[in-house]
Peer 1: 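Quick one: the structure is below, questions incoming.
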Amino acid sequence: MTEDRLQELELRVAALEQRLVDATPAAPGTSSSDAEATGDRWAETFWALEGVRARRGDSSHVLWTGDVTLPTGTTAQWQQTADTDDLLAAEWDGPAAVVGALGHPVRLRLLQELLRGVASAADLTEAAGTGSTGQTYHHLRQLVASGWVRQTGRGHHEVPAERVVPLLVVIGACTR
């Protein structure tokens, strides 16, 4: 009787271990051959990459995509691919200003509050803790100039829908 129970327990543990292996995605940076060799479920884990490969062939590409519903109820869907060779050959001076605008904690807080639904400069000043509307406008001007924010009316701003997913991708990439 004890041997039957032990055998049943071993089968249950083996089944649980297999479920864990099946549910564990490949580690970031894992190649398809590494994933297949280790038994990871490449196609399920990297379904977006498989879609890019099917559409773009053997060339090297980067993909960013998202389907977002913000706390305000606003939705944003975005996807973009870029050829790696084109990205590496391009001048990076232009993007430096766009990326640089994200390089200040106050501007990041302003963007975060805008995505949360705070729109007026006065409310942004309070929510972001900038101290004065003058400081808030200073940072908003840089965000507007770089395309991360647009003015929607007197003293009101928003993150344009086409910038929501790229912004969240940048933030997500920086937190890993």
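From a predicted model like this one, the values you see are computed outputs, not experimental measurements.
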Peer 1: When hydrophobic residues are tied together by side-chain contacts of less than 4.5 Å, even through go-betweens, does Val149 share a cluster with Val98?
Peer 2: yes
Peer 1: For the OH atom of Tyr137 and the OG1 atom of Thr125, what is their distance to the nearest 0.5 Å?
Peer 2: 8.0 Å
Peer 1: Would you compute the distance between atom CG of Leu124 and atom OG1 of Thr133 and round it to the nearest 0.5 angstrom?
Peer 2: 11.0 Å
Peer 1: In the single-linkage hydrophobic clustering (I, L, V, M, F, W, Y; side-chain heavy atoms under 4.5 Å), do Ile171 and Leu110 co-cluster?
Peer 2: yes
Peer 1: Give, for atom NE2 of His61 and atom CG of Asp86, the distance between the pair rounded to the nearest 0.5 Å.
Peer 2: 7.5 Å
Peer 1: Please enumerate all residues that pass side chain to side chain contact (heavy atoms under 4.5 Å, CB included) together with Leu70, with sequence neighbours excluded.
Peer 2: Val68, Thr72, Thr74, Leu115, Val164
Peer 1: Quick one: pull up CG in Leu140 and CZ in Arg107 and give me the separation to the nearest 0.5 Å.
Peer 2: 10.5 Å
Peer 1: Linking Ile, Leu, Val, Met, Phe, Trp and Tyr by side-chain heavy atoms under 4.5 Å, what else ends up with Leu88?
Peer 2: Trp92
Peer 1: Looking only at heavy atoms, which two atoms of Ala121 and Thr136 are closest? And how far apart?
Peer 2: O-CG2, 4.0 Å
Peer 1: May I ask you to test the Trp64-Gln79 pair for a side-chain heavy-atom distance under 4.5 Å?
Peer 2: no
Peer 1: If you look at every heavy atom in Leu143 and Ala101, which pair is closest and at what distance?
Peer 2: CD2-O, 3.9 Å
Peer 1: So, applying side chain to side chain contact (heavy atoms under 4.5 Å, CB included) with Val62, which one of Leu87, Val52, Thr81 is it?
Peer 2: Leu87
Peer 1: Any side-chain heavy-atom pair from Gln142 and Leu102 closer than 4.5 angstrom?
Peer 2: no
Peer 1: Should Leu167 and Leu63 be regarded as members of a common hydrophobic cluster, given that ILVMFWY residues are connected when their side-chain heavy atoms come within less than 4.5 Å of each other, either directly or indirectly?
Peer 2: no
Peer 1: Going by the side-chain hydrogen bond (donor to acceptor under 3.5 Å, both in side chains) test, which pairs reach into residues 147-160, not counting sequence neighbours?
Peer 2: Arg150-Glu158
Peer 1: Of the non-hydrogen atoms in Val165 and Ala76, which two are nearest, and what is the gap between them?
Peer 2: CG2-O, 4.1 Å
Peer 1: If I compare all heavy atoms of Ser146 with all of Ala97, which pair ends up nearest, and what's the gap?
Peer 2: CB-O, 4.1 Å
Peer 1: Write down the atom of Pro160, the atom of Gly147, and the distance for their closest heavy-atom approach.
Peer 2: CG-O, 4.1 Å
